[in-house]
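Down below is the structure, laid out as structure tokens.
Order of appearance sets the numbers: ligands from 1, and atoms from 1 within every ligand. As the structure is a computational prediction, the values presented were derived from the model and not from experiment. Residues: numbered from 1 along the sequence shown.
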Amino acid sequence: MTEPMPTAGGLRPDEVDAYSALEDRVRAGATMPLTMAAPRRAKPPRHWLDLAADEARAAVTGLGLPGFRADQISRHVFEHLDLDPSGWTDLPLAARAQVTEAFLPPLLTSVRPLSCDGGTTLKTLWRLHDGSLIESVLMRYGVPGVRASGSGRNRATLCISSQAGCGMACPFCATGQGGLQRNLSAAEILVQVVAGARTLADGAIPGGPGRVNNIVFMGMGEPLANYRAVLASIRTLIAPAPHGLGIGARGITVSTVGLVPRIEGLADEGIPVTLAVSLHAPDDELRDELCPINTRWNVADVVDSAWRYFRLTRRRVSIEYALIRDVNDSTERAQLLADVLRRDGGHGWVHVNLIPLNPTPGSKWTASRRRDEAAFVQTLERRGVSVTVRDTRGREIDGACGQLAATALTE
Ligand code: SAH
């Protein structure tokens, strides 16, 4: 049998069919059931990035190599962002082959990179070992001479996926409408970061060689539904070199639809990552519709757990709120939002991030009118709530919030 021909977009014909069927479903107004447990699939092969520092040495000696090789491998991986041992001249050839086979199997293959905003936004579609597709988006800000990169400090944020698909079924989100394929392993999460960091270090993004300052778990998936792997990946992100990527915990944001017991667990880990909670509505009636998980943990439960997160970590919590025209953008709802977020008489513990809705194909919803958005902002500000409107980077390449469903590549 011959291999199916790859298409222009890098997808196989069967993948094109699967994704256009998904688009048809969304156009027809299909909604997904909530899925809490990820389907069990063939596990990705073990990878160096799955190992905690203490496991790494044991794994190396288990292979019959001297323990000091572990630090060498970690330096290549975490300091030089190099996942290909063929050029590691400080290791004997035979050891390089062993290490490749045992610890560095290819996990992610880039199907197609897409860029916009003057080259400062780069979205990559990745294929995993079992054919699942995920996406990550690299956004560089404040690049002199590139207006589309925005003003301010030169910095780079990487938006990564934690699951292939998502089981949370939010009806305005393209990923949510595709359902959940499976959880990613820690290494599959971290390879996205290593690749993004390498792209920046190589100077492949306008603005010269740089590094990743912020990581946001805002790509595909519900990070707290894949708690174990996400937490392992965070530990490696923050571990100083040579055992990790040395990214400050404060630069990492975990965005959740509101899995209350897991928010509590995360607060108890004592890692000061930023928590973002996707609220999208201040009342249960509307939130039941926009975030079906609300039928399990409601607005009061979610805000209480966010408040507890703040008290334990002293990290200001972000509240994500996608503004949807005539659905959740009235000034009455802005007032109610300010009311439900008040704790200890004030709002200093929280910051509201308004996201202009990115319409998904066939969706009945669209972004708010400018004046409604402005009135919503003003209503919050008057009540002392700190609020910003999120920019819409990556829009032309379907790289903006909630658009990650790999559908654009089927065209
Ligand atoms: N599962 C996580 C991460 C989701 S993506 C969570 O729910 O937080 C990050 C943010 O983008 C979430 O707030 C999500 O609700 C929002 N989002 C999803 N689809 C969107 C869309 N079409 N327009 C604007 N924001 C969207």
Side-chain angles (χ1 to χ4, degrees), residues 26 31-32 34-36 38 123 134-137 139 157-180 183-184 189 214-227 230 252-260 262-263 266 273-281 286-287 289-294 296-297 302 305-306 309 317-325 327-329 337 351-368 373 388-395 398-405 407-408:
V26 174
T31 48
M32 294 296 297
L34 261 175
T35 317
M36 299 299 284
K123 178 175 88 161
I134 58 160
E135 294 177 279
S136 60
V137 186
M139 291 159 284
T157 296
L158 184 65
C159 176
I160 55 174
S161 298
S162 56
Q163 297 183 308
C166 185
M168 296 298 112
C170 302
F172 56 89
C173 174
T175 312
Q177 284 311 297
L180 177 62
N183 281 332
L184 302 191
I189 295 169
N214 297 94
I215 302 281
V216 295
F217 283 87
M218 292 189 184
M220 287 180 170
E222 167 49 48
L224 297 188
N226 183 16
Y227 191 83
V230 165
I252 300 173
T253 298
V254 175
S255 182
T256 177
V257 71
L259 305 189
V260 165
R262 299 279 166 83
I263 294 176
L266 189 64
V273 293
T274 300
L275 177 74
V277 174
S278 299
L279 202 63
H280 304 313
L286 181 56
R287 195 167 190 268
E289 186 188 350
L290 297 180
C291 300
I293 196 72
N294 196 67
R296 185 105 162 233
W297 294 289
V302 172
S305 72
Y309 189 89
V317 173
S318 291
I319 299 292
E320 311 286 298
Y321 196 107
L323 280 175
I324 313 177
R325 183 182 298 187
V327 173
N328 65 354
D329 62 354
L337 179 61
H351 176 84
V352 173
N353 235 318
L354 299 174
I355 316 171
L357 184 83
N358 291 303
T360 55
S363 162
K364 57 184 176 182
W365 288 317
T366 190
S368 299
E373 181 184 294
T388 42
V389 180
R390 164 96 52 85
D391 67 29
T392 48
R393 289 281 288 260
R395 235 180 166 164
D398 283 342
C401 292
Q403 290 180 321
L404 303 184
T407 48

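Listed by chain and number, the residues in a side chain to side chain donor-acceptor pair (under 3.5 Å) with Ser305 amount to none (sequence neighbours excluded).
Note: no N/O pair closer than 3.5 Å links Met218 and ligand 1 by distance alone. Ligand 1 has no N or O atom lying under 3.5 Å from any N or O atom of Glu320, backbone or side chain. Between Leu357 and ligand 1, no pair of N/O atoms sits closer than 3.5 Å. Between Ser278 and ligand 1, a contact under 3.5 Å exists for at least one N or O pair.
When each of Thr366, Leu286, Ile355, Leu357 is paired with Ile324, the side chain to side chain contact (heavy atoms under 4.5 Å, CB included) condition holds for Leu357 and for no other.
For Glu320 (side chain) and Leu354 (main-chain N/O), no donor-acceptor pair under 3.5 Å exists by modelled atom type.
By heavy-atom distance, the residue among Arg390, His280, Glu222 lying nearest atom 15 (O) of ligand 1 is His280.
Near Ile355, meaning under 4.0 Å from one of its heavy atoms, ligand 1 places the atoms 24 (C), 25 (N). Counting the atoms of ligand 1 from 1 in the order shown, those under 4.0 Å from a heavy atom of Cys173 are 18 (C), 19 (N). Close approach to Val257 involves these atoms of ligand 1, each under 4.0 Å from a residue heavy atom: 6 (C), 7 (O), 8 (O). Close approach of ligand 1 to Gly221 is summarised as follows: ligand atoms under 4.0 Å from at least one heavy atom of the residue are 1 (N), 2 (C), 3 (C).
Using a 4.5 Å heavy-atom cutoff, the side chains of Ser162 and Leu184 are not in contact. Two residues are said to be in side-chain contact when any heavy atoms from C-beta on lie closer than 4.5 Å; Asn328 and Leu290 meet this criterion. A 4.5 Å side-chain heavy-atom check between Leu259 and Ile293 finds at least one atom pair inside the cut-off.
The part of Thr256 lying near ligand 1 is the backbone, judged by heavy-atom distances below 4.0 Å.
If you check the side chains of Asn183 and Gln163, you find a donor sitting under 3.5 Å from an acceptor.
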